[in-house]
Asker: 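Can you keep this structure in mind? I'll have questions shortly.
Below, each value reflects all heavy atoms present in this structure, side chains not excepted, and no hydrogens, waters or symmetry copies.
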Amino acid sequence: MARMTKVELLIDLTTPVEEIAAVINIMLQAYPDQQLEILKAVDHNVGDALAKLQKSDKSENEE
């Protein structure tokens with residue numbers, strides 16, 4: 001049977017960047033052999049979110 005490890009986190013919403021970085025570091029430590037893949041996937045997701053926000057911002061500025 002596969003073993004599942006759970007981590008419960010308390011997140012301080014007043015420091016979002018630091019909290020996100022801390023969670024990423026926790027995941028990287030949990031999966032040392034997959035760090036590159038994890039970071040690439042996070043980079044892809046952040047890039048998609050940023051592009052969507054920039055497109056939305058550009059659309060609003062053109063109106």
Asker: How long is the gap from CG on Leu36 to CG on Leu28, to the nearest 0.5 Å?
Answerer: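 Atom-to-atom, Leu36:CG and Leu28:CG are 10.0 Å apart.
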Asker: Nearest 0.5 Å, please: how far is CE in Met27 from CD in Gln34?
Answerer: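 Answer for the CD-CE pair, Gln34 versus Met27, is 9.0 Å.
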Asker: Specify the closest pair of heavy atoms between Pro32 and Gln29, including all atoms of both residues, with the distance to one decimal.
Answerer: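 Shortest heavy-atom contact: CD-O, 3.5 Å.
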Asker: Walk me through whether Ile38 and Ile24 qualify under side chain to side chain contact (heavy atoms under 4.5 Å, CB included).
Answerer: CA-CA 9 Å; Ile38 291 168; Ile24 291 169; 5.5 Å; no
Asker: CG/Leu50 to CG/Asn45 distance, rounded to the nearest 0.5 angstrom?
Answerer: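 Spacing of CG (Leu50) from CG (Asn45) equals 12.5 Å.
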Asker: Do Val23 and Leu13 share a hydrophobic cluster, counting only Ile, Leu, Val, Met, Phe, Trp and Tyr and linking them when any side-chain heavy atoms are less than 4.5 Å apart?
Answerer: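 Yes, because Val23 and Leu13 connect within a single hydrophobic cluster, where side-chain heavy atoms sit under 4.5 Å apart.
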Asker: Please round to the nearest 0.5 Å and tell me the distance separating atom CG of Leu9 and atom CD of Glu19.
Answerer: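 Reported to 0.5 Å precision, the distance equals 8.5 Å.
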Asker: Taking side chain to side chain contact (heavy atoms under 4.5 Å, CB included) as the criterion, tell me which of Asp12, Val17, Ile11 meets it with Thr15.
Answerer: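 Among Asp12, Val17, Ile11, the one meeting side chain to side chain contact (heavy atoms under 4.5 Å, CB included) with Thr15 is Asp12.
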